[in-house]
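Before any comments, here is the structure.
Counting from 1, the numbers follow the sequence of the chain as shown.
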Amino acid sequence: PRLSSLLPSRIFNQTFGEHLAESELFPSTSALSAFLFRPSILRTPGWLESRFSEMRLDKDRFSVNLDVKHFSPEELKVKVLGDVVEVHGKHEERQDEHGFVTREFSRKYRIPADVDPLSITSSLSSDGVLTVNGPRKPTEVVERTIPIAREEKAALAVGQRK
């Protein structure tokens, strides 16, 4: 079993800078074990719900979506190092409705072999989703005509023919 599924979810998951629900701050005694021992599959149901990270490898495209709503474009860097895309975000201390917060993250994704690292692009949506993608090279099916050679001798001996 994975040790991380037995640890408190808000310490090690990727939403460390997000707001906590009151029930998570002050769990009741009966809910304490559910709070501490939630399986990880219940914590991060998917990209749309967690809004942090998704990597996809479609038939014609490699793409990564990251929720970076807490960062301005100037606080983000996307770079390619060999066959790896690295996304880094950092903002200095700023005040929000709960106090002061400083955020920093770094994510690395291996670029598939059929994606040219020079073709990688990135864009930032108005709602704070960073998309990094690149087209996949089409897989070429090589067709080759094989010539038929004629032989003078028979494949089967005269006594083996039926």
Side-chain angles (χ1 to χ4, degrees), residues 1-21 23-25 27 33-147:
R2 291 179 45 200
L3 180 61
S4 62
S5 65
L6 300 175
L7 298 174
S9 66
R10 287 292 180 167
I11 293 176
F12 295 106
N13 72 7
Q14 296 178 0
T15 57
F16 62 89
E18 295 295 314
H19 306 287
L20 294 171
S23 62
E24 292 178 308
L25 287 173
S33 62
F35 171 74
L36 293 176
F37 300 110
R38 292 189 278 188
S40 61
I41 193 165
L42 298 176
R43 288 195 314 262
T44 54
W47 155 247
L48 292 175
E49 291 82 9
S50 70
R51 294 276 309 194
F52 191 78
S53 174
E54 173 194 51
M55 186 184 90
R56 293 182 57 131
L57 192 57
D58 296 324
K59 186 177 105 176
D60 61 343
R61 174 168 299 302
F62 159 74
S63 64
V64 173
N65 293 314
L66 286 153
D67 182 0
V68 294
K69 67 180 172 243
H70 298 294
F71 299 89
S72 68
E74 298 77 29
E75 296 168 333
L76 296 167
K77 287 183 185 177
V78 179
K79 60 184 174 181
V80 174
L81 300 166
D83 65 344
V84 173
V85 173
E86 183 175 348
V87 181
H88 184 258
K90 180 178 182 177
H91 74 67
E92 299 303 322
E93 186 174 273
R94 65 173 70 144
Q95 189 169 5
D96 67 8
E97 65 271 13
H98 301 286
F100 292 89
V101 63
T102 301
R103 290 185 181 92
E104 182 175 11
F105 76 94
S106 182
R107 301 280 294 179
K108 293 180 182 181
Y109 301 90
R110 184 158 317 276
I111 301 169
D114 61 351
V115 174
D116 180 3
L118 297 175
S119 70
I120 301 288
T121 61
S122 66
S123 61
L124 183 61
S125 69
S126 60
D127 60 344
V129 175
L130 178 69
T131 301
V132 179
N133 59 42
R136 295 180 76 182
K137 299 172 191 168
T139 54
E140 295 180 23
V141 177
V142 178
E143 182 178 317
R144 180 175 70 110
T145 302
I146 301 171

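- No side-chain heavy atom of Ile120 sits less than 4.5 Å from a side-chain heavy atom of Tyr109.
- A donor-acceptor contact closer than 3.5 angstrom links the side chains of Ser125 and Asp127.
- Smallest separation of non-hydrogen atoms from Glu92 and Thr102: C-OG1, 4.1 Å.
- Taking all atoms of both residues into account, the shortest heavy-atom contact from Arg107 to Ser53 is NH2-OG, 3.3 Å.
- Between atom CD1 of residue Ile111 and atom CG of residue Leu81 there is a gap of 9.0 Å, rounded to the nearest 0.5 Å.
- Taking all atoms of both residues into account, the shortest heavy-atom contact from Pro135 to Ser119 is CD-OG, 3.5 Å.
- Interatomic distance, CG of Leu57 versus CG of Asp114, reported as 6.5 Å (0.5 Å rounding).
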Check the pair His91 / Val101 against side-chain contact (heavy atoms from CB on, under 4.5 Å), numbers first and verdict last.
CA-CA 9 Å; His91 74 67; Val101 63; 4.2 Å; yes
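- The side-chain hydrogen bond (donor to acceptor under 3.5 Å, both in side chains) with His88 is formed by just one residue from the set Lys79, Glu104, Glu75; it is Glu104.
- Residue Arg56 qualifies as open at atom CZ: its count of foreign heavy atoms under 6.0 Å is 12 or below.
- For Leu76 against Gly89, the heavy-atom pair with the smallest separation is CD2-CA, 3.9 Å.
- Between Ser106 and Glu86, the shortest heavy-atom distance links the atoms OG-OE2, 3.3 Å.
- Between Thr145 and Pro147, the closest heavy-atom pair is O-CD, 3.6 Å.
- Atoms CG and CE, on Asn65 and Met55 in that order, are 11.5 Å from each other to the nearest 0.5 Å.
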I'd like to know whether Val87 forms a side-chain contact (heavy atoms from CB on, under 4.5 Å) with Leu130, so could you lay out the CA-CA distance, the side-chain angles of the two residues, the decisive distance to 0.1 Å, and finally the verdict.
CA-CA 9 Å; Val87 181; Leu130 178 69; 3.6 Å; yes
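- To the nearest 0.5 Å, atoms NZ (Lys77) and OG (Ser122) are separated by 13.5 Å.
- Between the side chain of Asp96 and the backbone N or O of His98 there is at least one donor-acceptor pair closer than 3.5 Å.
- For the pair Arg136 (side chain) and Phe62 (backbone), a donor-acceptor distance under 3.5 Å is absent.
- Taking CD of Glu97 as the start and CD of Gln95 as the end, the distance is 10.0 Å to the nearest 0.5 Å.
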